[in-house]
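Worksheet: one structure, shown below.
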Amino acid sequence: MAGPFRIVHTVCSHDCPDSCAVLVTVNDEGRAVKVEGDPSQPVTQGFLCAKVAKYLDRVYSPERILYPLRRRAGVAKGPLERGREHEVFERVSWDDALRSIAARLQAISDAYGPESILPYSYAGTMGVLGYGSMDRRFFARLGASRLDRTICSEAGGLAWNLVYGKKFGTPTEDFRLAKLIVAWAANIHGNNVHLWPMIEQARRNGARLIVIDPYRTRTAALADWHIAIRPGTDAALALGMMHVIFREGLQDRDFIRERTHGAQRLAERVREYTPERVAAWTGLTAGEIEKLARDYATTQPAALRMNYGVQRNENGGAAARAIAMLPAVIGAWRHRGGGGQLSTSGAFVWNKQAVERPDLALASPLKREARLVNMCRLGQALTELGQARDQGSGIRDEDGRERNNDGPPVYALFVYNSNPGAVAPNQNAVRRGLARSDLFTVVHDLFFTDTTDYADFILPATTFLEHREVQGAYGHYFVQLSQQAIEPPGEARSNVWLFGELAQRMGFEEPCFRDSRDEIIRQALAIGADGHSMNAGMEHITIEELEKRGHVPLAFHRDPEANPFLPYTEGTLETPTGKIEFYSETLAAAGEDPLPNFVPPTESRWGEGAKRYPLELLGRKNDNYLNSTFANLDGHRKMEARTRQRLEMHPADAEARAIAEGDAVRVFNDRGSLELIAMLNASLPAGVVAARLDWAKLQPGGANVNVLTSERLTDIGAGATFYSTLVEVKRT
Ligand SMILES: Nc1nc2c(c(=O)[nH]1)N[C@H]1C(S)=C(S)[C@@H](COP(=O)(O)OP(=O)(O)OC[C@H]3O[C@@H](n4cnc5c(=O)[nH]c(N)nc54)[C@H](O)[C@@H]3O)O[C@H]1N2
Ligand SMILES: Nc1nc2c(c(=O)[nH]1)N[C@H]1C(S)=C(S)[C@@H](COP(=O)(O)OP(=O)(O)OC[C@H]3O[C@@H](n4cnc5c(=O)[nH]c(N)nc54)[C@H](O)[C@@H]3O)O[C@H]1N2
Ligand code: SF4
Ligand SMILES: [Mo]
């Protein structure tokens, strides 16, 4: 190894609540030789998850795309065998690529209107600049359709905000002080591993851990009590717990009187959720429901870690809303170490107007904000959108409601920070759309993914080691600066660079398209004349301090020992009543049910479709991938060997179909079909099967679980319903 070494402070930009501070050791040849967690960052605590501990495998992978590529003339779009991509694509210069792309976008905009161009991005990078800055400016100025980024957390986020106004949560570090921790649809060990040491510490001090998850995750296996609830029935469980709490007088009357709105009406609503009724929905016993309610209400501090798994169901909004109310009912917020956390993202108030410049839409040919296209319905957007226009009617969704994304068909798709060929629901519809010969597709990514197989142009992107960034988090309260550790390999370029350059090729003259990364970082932080941020909660932050320390806590979290942060315990909340809303004035005004209620998902064992497809499928994430990211790396795949390409089944469901461990099976419904190997798992609730999200092209048959999932949307927030999926299974 060459020396001497530099140590550079970076931030892991993957879509994970932990947003770790990562120290990168760089040798004198400019090569990164080691990544490790920053021991001085209180949540990172000096360690990385297993997937990012092996990050140099990704950065220096021989499979990285290093140059812009163009589809060779006349080659149809469709799945490619791995390693053969170079036969289909040819290298071009950045200049050629940018010029051709700009010309095509201009021609499509002229012919069909700019809304026929659709950006498609999610959280491939969570850095403020990489997630959404120059790209947002570019598409606004172009007049392209806006993307409604609903695929992950919309239902739960809105549900939480209906109750609390804003997404704050118990500080992650404070979980160590809890006496009871409830992990509700939260695979902490897999998805949020930096919370785990806090839980271990709490348990050393006598705390108990309860996990509510249909799947026996590693977290569940390590818990004091694993409650294997049936998917999509959590609203019933939360309402049932409240039934017991109110019936037995275990609620916190003072907290409810001072801080909440609508408790009386909530108490009336939950009266119908008797433990017996809730037991019939959830598959638990009435005794278990009563015990859970009593344990929760009588142990303080009680900390609830709810994660987004619970809201990827048709009724996920109601479920998240009912669960979110629990810490308010028992007054858990008033105890340090108690309360709850879904996300801490509401605490980061970036100057988004300056970063994203939505006002540029007025300078577009549209001279107004463009239509919104829901990203959960990419299949429909690419195959149906605009087709119904001649009849003069909007497209209706599966429930008959008129959709808001009527308009011209999509003729150009620009994908970055996302791999919709793998992660979007109803994959066969997505692929039919992507394969259209009249669709112009650009993909900016680091590898040949399921989506690049359908691209006209592929552009090489950077990792978080290769550009400068600023970042918040959805699982802690630190603003962090990520330094550039190494030069990008080959001709890889960042999102900011790409969209700045494209803007020049389009002839956009606004000066903001020439902003440097440092300028955008200062805009995001709203750095004022005295060098300090003007964003709420960031007033003490300067660029110099971020440079020096790498991570700086938000104002309210600067001295947690002297001044602990207890969310929602004082001041006026950002709800219509200024209080925690059990009864939602917003929903009431919209003519909707203001109180949470349990309605079984149509795609569940209680729905019509269960006659033909009786099994509920959980198409789950992997502990050692990040959604579809890392799936192409051998080392990461090895760590997932046990469940890769497996269909986990309850033994009773397997026996009823004459299926034995290791049998090849076909999993199917009206949308698609998948070949997997049966693996018996008695810890699943009967009637529930589970499989993993993977790259489609790495699975037998070239399809993944998303051929089975639907484009149906959640009750609140129009989010994705990956976990409301019915299937049947047959031995092959
Ligand atoms: N290792 C790893 N870490 C990740 C990710 C990853 O793919 N891998 N993904 C990242 C992303 S995108 C996100 S959004 C975050 C948060 O991640 P989440 O969205 O919370 O993760 P999931 O694994 O989808 O869901 C969490 C748990 O909910 C369970 N679940 C599913 N349906 C139900 C239900 O109806 N009721 C209940 N009670 N539980 C249910 C699942 O079995 C799962 O164990 O994690 C991030 N971190
Ligand atoms: N069946 C099923 N489907 C799911 C889920 C599930 O649990 N089950 N989870 C859903 C959830 S919660 C989410 S959030 C979505 C996530 O869906 P995506 O956001 O699409 O997540 P990834 O699969 O991680 O793909 C991100 C892509 O961005 C690329 N990328 C990384 N950094 C950069 C960069 O700086 N620039 C550019 N241009 N590209 C970059 C990565 O290489 C990767 O290919 O998937 C959803 N789909
Ligand atoms: S993926 Fe999450 S846990 Fe792993 S290093 Fe990144 S932020 Fe930390
Ligand atoms: Mo997500």
Side-chain angles (χ1 to χ4, degrees), residues 16-21 37-47 160 163-164 166-184 186 188-189 191-211 219 223-224 252 255 259 295-307 323-324 326-348 472-480 537 551-571 573 580:
C16 167
D18 300 7
S19 285
C20 288
D38 182 347
S40 76
Q41 213 279 18
V43 175
T44 307
Q45 296 186 85
F47 75 97
W160 186 277
V163 181
Y164 294 108
K166 221 171 178 185
K167 279 188 267 180
F168 287 107
T170 305
T172 298
E173 300 91 310
D174 283 359
F175 274 69
R176 72 184 83 182
L177 303 172
K179 287 291 177 222
L180 179 70
I181 295 154
V182 179
W184 202 316
I188 293 161
H189 232 278
N191 296 355
N192 178 201
V193 68
H194 290 83
L195 178 56
W196 188 251
M198 317 295 174
I199 293 178
E200 279 189 319
Q201 198 175 327
R203 292 176 93 185
R204 279 197 295 276
N205 293 326
R208 293 196 326 126
L209 171 66
I210 300 175
V211 173
T219 321
D224 296 287
D252 184 333
F255 187 83
R259 303 292 308 163
D295 283 2
Y296 179 66
T298 59
T299 317
Q300 299 276 19
L304 176 74
R305 178 57 165 123
M306 167 169 43
N307 217 326
I323 297 166
L326 287 167
V329 169
I330 64 158
W333 294 109
R334 56 160 110 237
H335 306 276
R336 186 173 177 208
Q341 191 191 100
L342 172 64
S343 163
T344 58
S345 62
F348 296 88
Y474 62 102
H476 64 62
Y477 289 123
F478 293 83
V479 174
Q480 304 191 92
H551 44 85
V552 180
L554 292 169
F556 59 80
H557 193 52
R558 269 186 294 180
D559 189 358
E561 293 317 312
N563 199 3
F565 178 52
L566 301 177
Y568 312 122
T569 52
E570 50 188 57
L573 305 190
I580 298 170

Just by modelled atom types, is the [Y] backbone N or O under 3.5 Å from a matching donor or acceptor in the [X] side chain?
| X | Y | value |
| --- | --- | --- |
| Lys179 | Asn205 | yes |
| Arg305 | Leu342 | yes |
| Thr170 | Gly337 | no |
| Thr569 | Trp333 | no |
| Gln480 | Ala473 | no |

I'd like to check [X] versus [Y] (side-chain heavy atoms, cut-off strictly below 4.5 Å). Are they in contact?
| X | Y | result |
| --- | --- | --- |
| Thr299 | Arg208 | no |
| His557 | Pro42 | no |
| Tyr477 | Pro560 | no |
| Phe478 | Ser19 | no |
| Ile210 | Tyr296 | no |
| Tyr164 | Ile580 | yes |
| Phe255 | Val329 | no |
| Ser40 | His551 | yes |

Identify the two heavy atoms, one from [X] and one from [Y], that lie closest to each other, and give their separation to 0.1 Å.
| X | Y | value |
| --- | --- | --- |
| Phe175 | Ile181 | O-CD1, 4.0 Å |
| Arg336 | Pro564 | CD-CB, 3.3 Å |
| Gly338 | Pro301 | N-CB, 3.4 Å |
| Pro553 | Arg558 | CG-CG, 3.9 Å |
| Ala324 | Val163 | CB-CG2, 4.4 Å |
| Asp224 | Leu209 | OD2-N, 2.7 Å |

Would you compute the distance between atom [atom1] of [X] and atom [atom2] of [Y] and round it to the nearest 0.5 angstrom?
| X | Y | atom1 | atom2 | result |
| --- | --- | --- | --- | --- |
| Lys167 | Phe348 | NZ | CZ | 12.5 Å |
| Thr344 | Lys166 | OG1 | NZ | 12.0 Å |
| Ile323 | Trp160 | CD1 | CH2 | 10.0 Å |
| Leu180 | Gln300 | CG | CD | 9.0 Å |
| Arg204 | Ile199 | CZ | CD1 | 12.0 Å |

Completion exercise
Sequence neighbours excluded, the answer for salt bridge (Lys or Arg N to Asp or Glu O under 4.0 Å) partners of Arg259 is none
Problem - Aromatic ring proximity, centroids under 6.0 angstrom, Phe47 and Trp196 - result: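 So the answer is no for these two rings.
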Problem - Set of side chain to side chain contact (heavy atoms under 4.5 Å, CB included) partners for Arg176, sequence neighbours left out - result: Glu173, Met198, Gln201
Practice task
State which residues pass side chain to side chain contact (heavy atoms under 4.5 Å, CB included) with Asp18; sequence neighbours excluded, sorted by chain then number.
Solution key: Cys16, Cys20, Asn192, Val193, His194
Practice task
Verify the distance criterion only: is there a donor paired with an acceptor across the side chains of Thr44 and His476 at less than 3.5 Å?
Solution key: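 No, His476 and Thr44 have no side-chain donor paired with an acceptor closer than 3.5 Å.
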Practice task
Under the side chain to side chain contact (heavy atoms under 4.5 Å, CB included) rule, what do His335 and Leu177 come out as? Steps first, then yes or no, please.
Solution key: CA-CA 9 Å; His335 306 276; Leu177 303 172; over 6 Å; no
Exercise for the section: May I have the step-by-step check of side chain to side chain contact (heavy atoms under 4.5 Å, CB included) for Leu554 and Phe565, ending in yes or no? Expected result: CA-CA 11 Å; Leu554 292 169; Phe565 178 52; over 6 Å; no
